[in-house]
Amino acid sequence: PRPDGVRFARQMKSPVWCPVLHVQGAADPVVLPSSARGSQAYVRGSYQYAELACGHFPQEELPEAFSSLLLDWLGSI
């Protein structure tokens, strides 16, 4: 158990109020896309979800596609 576990658990119940770009690897074996797809429920700011055809590290596996998504998103907020 973490010594800060109670505080961490409380903070995880608070919604995120800033803009969020969620980039998910479609073949991620660690954080499954089916689990990630509901994440907008925890965001009160603007939220954009994108899946790329890669695994757990989209920014390393598909840097050009990731950069394009990020730059487009940054231009929209």
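Keep in mind it's a predicted model, so treat the numbers as computed, not measured.
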_Do L74 and L21 make a side-chain contact, defined as non-hydrogen atoms from C-beta onward lying under 4.5 Å apart?_
no
*Give, for atom CZ of R44 and atom SG of C18, the distance between the pair rounded to the nearest 0.5 Å.*
12.5 Å
_To the nearest 0.5 Å, what is the distance between CG on L32 and CD on Q24?_
8.0 Å
_How close do G55 and P58 get, counting heavy atoms only, and between which atoms?_
O-CD, 4.1 Å
*asked:* If you define the side chain from C-beta out and look only at heavy atoms, does anything of Y42 sit under 4.5 Å from P15?
replied: no
*Ignoring hydrogens and geometry, is there a side-chain-to-backbone donor-acceptor pair from D4 to R7 under 3.5 Å?*
no
*How long is the gap from CZ on F66 to CD on E61, to the nearest 0.5 Å?*
11.5 Å
*Verify the cluster assignment for Y47 and L70: are they in a single hydrophobic cluster under the rule of side-chain heavy atoms below 4.5 Å apart?*
no
*Over all atoms of both residues, closest heavy-atom pair of G25 and P33*: O-CG, 3.5 Å
*Same hydrophobic cluster for V23 and V16, using side-chain heavy-atom links shorter than 4.5 Å among ILVMFWY?*
no
*Output yes when a side-chain donor or acceptor of S67 lies under 3.5 Å from a complementary backbone atom of P63, and no otherwise.*
yes
*Between Y49 and E51, do the side chains contain an N or O donor and an N or O acceptor separated by less than 3.5 Å?*
yes
*Side chain of S76, backbone of W73: donor and acceptor closer than 3.5 Å?*
yes
_For the CG atom of L62 and the CG atom of L69, what is their distance to the nearest 0.5 Å?_
10.0 Å
